[in-house]
Structure formats: C-alpha cells, structure tokens
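Here's the structure, in structure tokens; my notes come after.
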Amino acid sequence: MTSNAQAAETFQGIADLLDLLGEKFKPEAYRRAARSIESLTEDLGAVAGRHELRSIPGVGEAIAEKIEEYLRTGSISYYERLKREIPPGLVELMRLPGLGPKTARRFWVELGVEGPNELRDAIAAGRLVGVKGFGEKKIELIRSALTAAAAGPTGVRRAIEEVYPVARDLVETLRSKAHAERVELAGSYRRARETVGDLDILVTSKDPSVAFEVFSAHPLIAEVKMRGETKETVLLQGGLQVDLRVVQPEEFGAALQYFTGSKDHNVRLRSLARDRGLKVNEYGVFRGEERVAGATEEEVYASLGLAWIPPELRENRGEIEAAAQGKVTALVSEPDLRGDLHIHLPPDTLPRDVDRVAEEARRRGYAYVGIVVAGVRADGSVWALPEPTGSRLAQLLSAGPRLLRALEIGPEGPPPELAAIAHDFGIARPVLSAPTPGRDPGGPQPPAIVAHVGSSVASDAGTLAGWVDLARRSSAAIEVGPGPERLDSTAARQVCEAGISLHLPTGLDLSTGDPTRPVALGFARRAGASANSVANARSLGSLSVAGSGPRAGPKERSDDRPRSRSGKSRPA
DNA sequence: GCCGTTTTCGGCCCGACTGTTTTCAGTCG
C-alpha cells in the first residue's frame, strides 16, 4: 500500500472512532479528507514538501498538522489516543449491516459489550430483550448479521471488469422485459471507478411493481432484501448488492445525477445551489416549490450555471470550477479509437485468429492493428508466432486495416538502456510492446508502447515514475486498462499529467461483450484524457511507429479522416 | 474539523426505508 493509502486509512480510522464517540460533524470531515488523500495523484510527502497540504480539499489546519506528524513519525498521536479509549471491536459492530455507530455505542455503554463475540453472547443470554428500541425483529436482524459476518467479509468492493457482464445482463433484462422506458446504471460503476461496492440501476416505468417483479425473477438474484414503493434492494449470488430505483421521467436526469455521485461532487453541487437560492435533490432542482430542472442531467447542471460534466470526472477534483467556466475537458470516447497497437494471439488458434481480428478491426473501421509476433521471454529467450501465421499476416497486409507486426522487448532485449531499467525494477514479465512494421524481431528501436506494467509491477509511485521516464525518453505511450498488468486511472492521470500518451486495449481479440475496451476507456476518461492524449486515437501516419519498412502496407484507408473529438458520451 | 464570489462564525445533503414507535431514531446511500 502506498503511503497515501495508508494515511487515508488512518483518517478513516479516526472518523470511525469519532463516530462511536457520538461526534456530529468531525467524522465526516475526517472521511472527506481521507477520500481526498486517497484519490490524490501525487505523493503526500511531495505535497507536504511544497507546503501545499491545505490545498487538498477537506484538509485544513488541524488535519494538515496530523498529516505532517504522520509523514514524520508514521503515526498520529490523536489516533493512538482514541484507539486506547475505544474498544476496537466496536468498529466491527458498527460495520454490521443494519447497525451503525449509535447502536454500537449503546451496546458498549448500556451492556458493556465491546465486540461481536460479546454481543453474540449477550443475545444468547437474552440480555437484549426488553432493552428500549430492540424488538424481536431487530434482535433477529442483529443475530443474522453476526452470523453472516462470521461466515466471511461483506460489502467488499469488486473489480469493475468483474461486475461489468452482470451489470449489462441486468440492464438488458430490464430493457427488454420490464416495459421500462429508460434504464441506466449509476453510482461508481458509471463513474468507471476501478472497484464498485454495489450497483445502482435507475428506470422510468409507469408500473414500478412490474419492474420489481421482472428484476426479482432474474436468475442471478439470490435474495430480495428490501422492497418499497420506489426502491428495491437485492443480493446477487456471490453477494453483490444491487439497488433498483423507479423514478418519473421528469425526474430522471436529477435522479441519474444524484445517484451517480460522487458524494463529494454532490455535496459541492448542492452547496453551489444553496448559494443561488436553489435546492437540488434526486427529484430535481427547485426554486421554492417550482421545479426548474430535472428531466436531463444537462438541464440540472445548466440550471446551476454549469456545463455538463462527464460522470468519470465527478470527484470534486476541480471539475465543478472548470464547468463553471465552461472548460470541461472533451474526453476520449469510443468513436475516437482508430486501432490497436498491442494484440496478443494464442499460438494454438492461429492463423484463424488473425483473420478474425482483421475482420473485427475492419468492422469497426480501424485503420491499423499491431499484432505481437515475437518477443523476449523472462528468461531472455526469444519466441515467435509459428508459421503459417507469418505468411497469413503478409497476405492480409494488402487489404483492410493495416496490420503491423509488433515486437515485444524484454529486459534482455534491445536497446540495452531499456533492459537495464526493466532489470532494475525487478519486473517478472517486463514486456515493452514495440510495433515495428517490416523489421526483424530484435531490431534495435525504442518501444512504441510500454505495456504489461500495472499494479502487479508498479506497486508504488517510484516504479511508476520509472516507467513514465522510460516512456518519455522513448516517446512511447503507456497502456491503461483493467487487470494487474495495466495502469489504473489514478496512475493514468499521473501519466497524462506528465505529458505521456495512453494506449487503450480495444479487445479486438476478445469475445463480444468483453469488458476490456469499455473499462479501459472509462479509466482513460477518469484520468482526464482527451483523444489527443491517446496514442491509438491518432492516425497511423502521426504515430512514430509508422516507419517505412521493406514490407510496408498500402496507404491508409481513405476514410481515415479526423473523427469526432467529442468527449461527451451518452450515459452508459 | 472544514469552509466562505453575502459568511472568520455557524452552518454542515437529504430522502427512503425499517423497526419501533404513537411521532421518531437510526441506517443507508
């Protein structure tokens, strides 16, 4: 874990303990600071070094001092004192679904219960019976929450690419069977966060009960936790929670905005509204009783004097100020992609896959595809795709999207200075993808893409800085997307801020419905990337990889013209 | 504890839902 993440966790811990002490506003202040610190793209120590800690949203005098103490000593005396004061088991109790800080504190004060085990014993001994506020149902709820917690962790966040197929499936079912006019996913899924804690689905429907019935009957759903007049909460097999909300068409934009979040973004928005004598909630924007906006997100933002803000940017990191000045970045979007420089094909399905990939690229109107034909293994030995793939590639070079043969340079591969860097970082599979049309594997040229680097290898800022440096010296892009071998959006933002281009995997080689491409796009958008900062949104001619080799392909397709640079996509 | 394009003090998002209530408190998102 990075020191930023550790500091954020410490402040979360302080917030939890303050909650248990019954503090009213301090816990939220510490949580806000923790969220800001966690989403920081720069090392906390560097910010402190410039004496700019207080420029972090939610960090004031007191928290800045605590950050400095943390950076200096590795701990915060205030936190240590709170931990001595409050039994740690109370935090566990507070986390149980249906329980909160108030209830956990009551157990402690009124029953002397200091943790889950003692609470279980207290319930078994009947000590909760007759306590004010604890009826039969409540006691049973707590009992089952304790049992569930003992069986395993609940509320774990899952990787967005893992949730993606499930989300699409649920939305498709609602669209096709629930007579719902509009169906959209909101929450951190729509903001393309790396992980999602639950799914929020919004629908408009004349008959909410039909929507709930159809939804509840979906085979993925294991349990209906709660159903009200406008809202249903279910648990999927595997434990993921999904909230379905039915809203009126005239409220849809306001509800989508509200449930997309983030929390900090919405808090900022509402305080902006208050300053203008308006009130924002999930039903609309109101001046007194009069609804002035609500049907679309665009009109909600416009009513507050703001340009529409892409969901991926809604984290209160300056996007509201930018929108007030009409300076929202036009983010890269699906139609901007013009090719892929880094496709791997399994040797045993070739050359059939070459044709499949070429056909898919043609269907999407891509101008080029780089297929990795040879590389260097971790042990330094060279591999290459077997014949007849090479021949097939050569045949296809004359039709459709231009096929580039790419080469991956490992730590032992050329050029030597790159090998040294990869070696220094101790990378298990340090592959630099280098499309080199018409060149023999092993030819000494800088890589076009620094790929196969991500959380599995770049686990701290130092390593990421090394890859950024390598990319800069090589004029290379760095690959972003799901999985441990690609950069996440936080790292991607640092890459963009350093002026380095991103490469987005397009999933040409993957099955329909595979999340790689949309998730990579989402991460790039979260990083604030425009089409200009994405290597494979450029024409082949403007890429440094388009060197002329002895077997250079035909001229680019005539339709390889500049495409829409609109970053504004329809809600997912 | 943080924050300010009316504020350096006095606010701090707000509505749905549940369980226990007889008008509300706690939790959740």
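So that the names make sense, note that chain A is the first sequence line, chain B the second, and so on, each numbered from 1. Keep in mind that this is a model prediction, so the values were computed, not measured.
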>> Distance alone, cut at 3.5 Å: any donor-acceptor contact between the side chains of R525(A) and S489(A)?
In response: no

> Which salt bridge (Lys or Arg N to Asp or Glu O under 4.0 Å) pairs, counting each pair once, include a residue from residues 20-41 of chain A, with sequence neighbours left out?
Replying inline: D16(A)-R31(A), D19(A)-R31(A), E28(A)-R35(A), R35(A)-D264(A)

> Over how many whole Å does the gap from F11(A) atom CZ to dC2(B) atom P extend?
Replying inline: 9 Å

> Expressed as a whole number of Å, how far does the C1' atom of dG26(B) sit from that of dT21(B)?
Replying inline: 12 Å

>> What is the distance, to the nearest angstrom, from the CG atom on N266(A) to the P atom on dC14(B)?
In response: 12 Å

>> Run the side chain to side chain contact (heavy atoms under 4.5 Å, CB included) test against A254(A) and tell me which residues pass, sequence neighbours left out.
In response: V300(A)

>> Using atom C1' in both nucleotides, what's the gap between dT5(B) and dG1(B) to the nearest angstrom?
In response: 23 Å

>> Applying side chain to side chain contact (heavy atoms under 4.5 Å, CB included), can you list everything that pairs with T516(A), at least two apart in sequence or on another chain?
In response: P482(A), R486(A), P505(A), L510(A), D514(A)

>> Taking dC3(B) as the reference, what is the distance to dT8(B) when you measure between their C1' atoms (whole Å, please)?
In response: 9 Å

>> Using atom P in both nucleotides, what's the gap between dC28(B) and dT20(B) to the nearest angstrom?
In response: 15 Å

>> Go nucleotide by nucleotide along DNA chain B from the 5' end; which of K279(A) and I63(A) gets its closest nucleotide reached first?
In response: I63(A)

>> Roughly how many Å apart are dC17(B) and dT23(B), using the C1' atom of each and rounding to a whole number?
In response: 16 Å

> Over how many whole Å does the gap from E28(A) atom CD to dG1(B) atom P extend?
Replying inline: 15 Å

With the criterion being N/O to N/O and under 3.5 Å, what pairs connect the protein with nucleotides 4-10 of chain B, and how long is each?
none

> Which nucleotides of nucleotides 16-29 of chain B have their base under 4.0 Å from a protein heavy atom (B), which only their sugar-phosphate (S), and which neither (-), written as one string 5' to 3'?
Replying inline: SSSSS-----SSSB

> Applying a 3.5 Å limit to both distances, which nucleotide forms a Watson-Crick or G-U wobble pair with dT8(B)?
Replying inline: none

> Should dT5(B) be called syn or anti, with syn set as within 90° of 0?
Replying inline: anti

> What pairs of residues pass the side-chain hydrogen bond (donor to acceptor under 3.5 Å, both in side chains) test when at least one of them lies in residues 118-131 of chain A, not counting sequence neighbours?
Replying inline: N117(A)-R120(A)

>> In this structure, how many angstroms lie between the P atom of dG1(B) and the CG atom of L21(A), rounded?
In response: 12 Å

> Tell me: CD1 of I320(A) to C1' of dC3(B), nearest whole Å?
Replying inline: 15 Å

> Partners of F259(A) by ring-ring contact (aromatic ring centres under 6.0 Å, His included), sequence neighbours excluded?
Replying inline: none

Scan the side chains in residues 54-67 of chain A for donor-acceptor partners under 3.5 Å anywhere in the protein, sequence neighbours excluded, and list what turns up.
unit_1	atom_1	unit_2	atom_2	d
S55(A)	OG	E52(A)	O	2.6
K66(A)	NZ	Y30(A)	OH	3.4

>> Please evaluate residues S188(A) and R193(A) with respect to the criterion side chain to side chain donor-acceptor pair (under 3.5 Å), reporting the C-alpha separation (whole Å), side-chain torsions for both, the decisive distance (0.1 Å), and the verdict.
In response: CA-CA 5 Å; S188(A) 50; R193(A) 268 196 66 173; 5.5 Å; no

>> Quick check: on DNA chain B, is the nucleotide nearest K66(A) upstream (toward 5') of the one nearest N281(A), or the reverse? Name the residue that is more 5'.
In response: K66(A)

> With rounding to whole Å, what would you report as the distance between dT18(B) and dC13(B) at their P atoms?
Replying inline: 25 Å

>> Are dC2(B) and F25(A) stacked, with the base six-membered ring and the side-chain ring centres under 5.5 Å apart and planes under 30°?
In response: no

>> Between dA16(B) and dG11(B), how far apart are the two C1' atoms, rounded to whole Å?
In response: 25 Å

>> If I pick the C1' atom on dG15(B) and the same atom on dT7(B), what distance separates them, to the nearest angstrom?
In response: 28 Å

> Among all residues two or more places apart in sequence or in another chain, which pass the salt bridge (charged side-chain N to carboxylate O under 4.0 Å, His left out) test with R270(A)?
Replying inline: none

> Do any pairs count as a side-chain hydrogen bond (donor to acceptor under 3.5 Å, both in side chains) and have a residue in residues 83-92 of chain A, sequence neighbours left out, and if so which ones?
Replying inline: none

> Counting only non-hydrogen atoms, which of residues 53-61 of chain A are less than 4.0 Å from DNA chain B?
Replying inline: P57(A), G58(A), V59(A), G60(A), E61(A)

> With distance as the sole test, does N281(A) use its side chain to make a donor-acceptor pair with the main-chain N or O of G284(A) at under 3.5 Å?
Replying inline: yes

> Do you see a donor-acceptor pair shorter than 3.5 Å between the side chains of Q248(A) and T204(A)?
Replying inline: no

>> Which residues pass the ring-ring contact (aromatic ring centres under 6.0 Å, His included) test with F523(A), not counting sequence neighbours?
In response: none

